[in-house]
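Heads up, the thing below is written out as structure tokens.
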Amino acid sequence: MSAGNMIEVRGLRVVAGAAPDPVIEIVKGVDFSVKKGEVLALIGESGSGKTTIALSLLGYARAGCTISGGTVRIGDVDVLSLDQKGRRALRARTVAYVAQSAAAGFNPARTIMDQVIEPALTHRVMTGEAARAKAIELFRALALPAPEAIGARYPHQVSGGQLQRLMAAMALITDPAVVVFDEPTTALDVTTQIEVLAAFKKVVRELGTTAVYVSHDLAVVAQMADRIVVLNGGVVKENGAVAQVLEAPANAYTRQLLDASRHAEPPPHALQPEPTAMPPLLEIRGLSAGYGRIDRSGAPAVRILDDVSLSIRRGKTLGVIGESGSGKTTLARVIAGLVERASGEVLFNGTPLPARLSQRTQEQYRQIQIVFQNADTAMNPSHTIAEILGRPLDFYHCIRGAAATRRTLELLDLVRLPASVARRTPAGLSGGQKQRVNLARALAANPALILCDEVTSALDTVVGAAILDLLAELRCELGVSYMFISHDIATVKAICDDVIVLYSGRRVEAGQREVLKAPPHHPYTGLLVNSVPELKPGWLDARRNVVGAALPPLRPDIPHNGELCSFRARCPVRIDGMCNATAPSLKKLPSGAEILCHHPAVELGRLQARERMI
């Protein structure tokens, strides 16, 4: 071990499979080192070996894989020479792991505090009382709300961003020498991502922790890491300081990753207007929906969507953006018939669409397909991919036998998957591959409208860009329309023709995609746009200084008629005596967008242009 290094990996090799079955080498002689207190990023597309290499630091290989060669040293410990008891002692004590899916990492039946302090008690590094006190300190350091009380909650009682930070607290409770962060912000919306990244960075700095950060998001890596290792096919393609890799990459594959992260503008045909005589494919008027018991007025106990209107033109893409909890997924489920609307109209091809799925025809099922965000729970784990894709072919088109096999292979090719995938079950696929199978299943119905719920959030940069290209090609060739739900503003700007912005279930802005390019926008839209990480080291620290500035004072709400702006508690340009007293009026901006705001367009533009310059 070289002086100053906390991690040293030499000649690491990992294979999948075992004789007499085929054996495939998936990590091929990887070398790298990490100095004490340094943050190293492992980046690359799905299948590049990022997570496999990161797990090897814990002396762990996933089911079906074996560490076949090389050395892994953490401090003075030769990890791969340890027996199973020694490796269990290493994990969570010397090397801790923060997984991509915090929801899957917590037991829903136990309180958060019990689970956060469990590693400290298991390894006997402190008493229960000391562990609880340490956990509260970590909750405070990670900027969690009510740090003294949040530990008494259960996992389902906190948001996704809070749960991700709580998993980091669980990892840090034992003061490990090394922490592995495995795509911890991939599924978070942009504003939550900033909070989580800032909290991680602050704690790592303060504790002097050595960290390995696995990601496919180069902009996130630019904020978190000191050095970057670029991987492809289990091989190191580049290893260098962040500034060098981002500004002067030496390897062609690194340049490809950088190009893929800069979303291109949509082709000109995507912006051509359709004939005005054609009605929209989908039109929604005054939609309200939610969950729970319906009262006498027809309103649900928990209202998620309130007075939402939109339209999707034929062969076009509508982007729906907003933070977690804004109602995006509920909107898709209402359109799909999975959640019954409380009020409002939904017209498809100019015809009213029944609110209940049971009242819809098979043809209406076929015409509207949904691709869910969570690929893991959207497929039957006991079925092969061929069986999964064969069901819609049989149900909608009565295609069976050899014809179904041919069409299945065509669908896999469409979503850039090899034919061999057809014989596998979902457990044998990566997260990105599972999401592509979900897209192929929707395409099997030959629909007119596909509801895409965060379909690229689990995909790496290169594969995500390929899926976006595929969606654009299918739209051009088949005339299919999309409702594209995403927290990735850059993706929405690249693929969508029209955009609506949801906040707390209300539509606060609607217009063509140009509304996202420059001010003025609704203040909430501005917050989302300005929260997208940039490929520039130091951006996160500068952005946190802007977001952390004090808001204009606002007295308690004054008695009023109508709905006050739901964004007023967070708005950086709120006006006392207006935002807390009267409902905002609908205004039209120079871009053609419609917003709900008290500020005139000129004043909004001036205020937001000044913020962008800070």
Side-chain angles (χ1 to χ4, degrees), residues 7-34 40-74 79-82 87 91 95 97 99-101 180-183 186 212-216 221 228-239 251-254 256-257 260 375-376 384-385 412 415-437 458-464 466:
I7 302 171
E8 205 165 85
V9 175
R10 293 287 177 263
L12 179 66
R13 296 182 181 276
V14 180
V15 298
D21 295 325
V23 176
I24 302 170
E25 192 169 46
I26 56 177
V27 175
K28 306 169 184 177
V30 165
D31 299 326
F32 64 84
S33 59
V34 188
L40 176 80
L42 300 177
I43 67 167
E45 56 191 296
S46 296
S48 62
K50 304 186 299 295
T51 296
T52 301
I53 293 167
L55 289 173
S56 72
L57 301 180
L58 290 84
Y60 179 80
R62 288 181 286 193
C65 297
T66 305
I67 299 174
S68 60
T71 60
V72 175
R73 299 190 68 87
I74 306 293
V79 175
L80 302 186
S81 69
L82 298 173
R87 294 186 188 191
R91 295 166 191 161
V95 185
Y97 181 72
Q100 177 176 349
S101 176
V180 176
F181 294 97
D182 190 359
E183 304 263 18
T186 295
V212 173
Y213 197 98
V214 176
S215 182
H216 61 252
V221 165
I228 295 175
V229 168
V230 181
L231 296 157
N232 186 30
V235 176
V236 174
K237 294 296 183 181
E238 188 156 354
N239 184 343
N251 187 268
Y253 177 69
T254 308
Q256 181 186 352
L257 287 178
D376 288 315
T384 66
I385 302 307
L412 290 175
V415 295
R416 313 290 198 270
L417 286 174
S420 60
V421 165
R423 298 188 297 273
R424 301 186 202 170
T425 61
L429 304 181
S430 70
Q433 289 171 328
K434 290 174 190 174
Q435 195 61 286
R436 284 180 275 173
V437 171
L459 304 182
D460 61 71
T461 307
V462 172
V463 175

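All heavy atoms count here, side chains included; hydrogens, waters and symmetry mates do not. Position 1 is the first residue of the sequence; numbering continues from there.
- Between Val212 and Ile7, some side-chain heavy-atom pair lies under the 4.5 Å cut-off.
- Taking the side-chain hydrogen bond (donor to acceptor under 3.5 Å, both in side chains) definition, one finds that Ser33 meets it with nothing, sequence neighbours left out.
- Proximity of a side-chain donor or acceptor of Arg10 to a complementary backbone N or O of Thr71 within less than 3.5 Å is not detected.
- Side-chain contact check for Asp182 and Thr51: at least one donor-acceptor pair (N or O, by modelled atom type) lies under 3.5 Å.
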Take Thr66 and Val14 through the side chain to side chain contact (heavy atoms under 4.5 Å, CB included) test and state the conclusion after the steps. CA-CA 6 Å; Thr66 305; Val14 180; over 6 Å; no
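- In this structure, the side chains of Ile385 and Thr425 stay at 4.5 Å or more apart for every pair of heavy atoms.
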Could you list the donor-acceptor pairs under 3.5 angstrom formed between side-chain atoms of residues 54-64 and any protein atom two or more places apart in sequence or on another chain?
| from | atom 1 | to | atom 2 | distance (Å) |
| --- | --- | --- | --- | --- |
| Ser56 | OG | Ile53 | O | 2.5 |
| Arg62 | NH2 | Thr52 | OG1 | 3.0 |

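- One distance of note links CG of Leu257 with NZ of Lys237; it measures 11.0 Å at 0.5 Å rounding.
- Separation of atoms CD (Glu238) and CG (Leu231) is listed at 11.5 Å; rounding is to 0.5 Å.
- The heavy-atom pair separating Gly234 from Val30 by the smallest distance is O-CG2, 3.4 Å.
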From CA spacing to verdict: side chain to side chain contact (heavy atoms under 4.5 Å, CB included), Arg73, Leu80: CA-CA 8 Å; Arg73 299 190 68 87; Leu80 302 186; over 6 Å; no
Apply the test side chain to side chain contact (heavy atoms under 4.5 Å, CB included) to residues Thr384 and Arg423: give CA-CA distance (whole Å), side-chain angles for both, the deciding distance (0.1 Å), then the verdict. CA-CA 6 Å; Thr384 66; Arg423 298 188 297 273; 6.0 Å; no
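- In this view, Gln256 and Tyr253, Val462 satisfy the side-chain contact (heavy atoms from CB on, under 4.5 Å) rule, not counting sequence neighbours.
- Residues satisfying the salt bridge (charged side-chain N to carboxylate O under 4.0 Å, His left out) criterion with Arg91, sequence neighbours excluded, are absent altogether.
- When atom types are taken as modelled, the side chain of Asp31 and the backbone of Gly11 share a donor-acceptor pair closer than 3.5 angstrom.
- Contacts of Asn239 classified as side-chain contact (heavy atoms from CB on, under 4.5 Å), with partners at least two apart in sequence or in another chain: Phe32, Arg227, Val229, Val236.
- Among residue pairs with one or both ends in residues 13-22, those qualifying as salt bridge (Lys or Arg N to Asp or Glu O under 4.0 Å) are Arg13-Glu25; sequence neighbours excluded.
- Between the CG atom in Leu42 and the NE2 atom in His216 there is a gap of 14.0 Å [rounded to 0.5 Å].
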Side chain to side chain contact (heavy atoms under 4.5 Å, CB included) evaluation trace for Glu183 with Lys50: CA-CA 10 Å; Glu183 304 263 18; Lys50 304 186 299 295; 3.8 Å; yes
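- The side-chain contact (heavy atoms from CB on, under 4.5 Å) test applied to Pro20 returns no partner, not counting sequence neighbours.
- Atom NZ of residue Lys28 and atom CG of residue Leu12 lie 13.0 Å apart, to the nearest 0.5 angstrom.
- To the nearest 0.5 Å, the span separating CG on Leu417 from CZ on Arg424 amounts to 8.5 Å.
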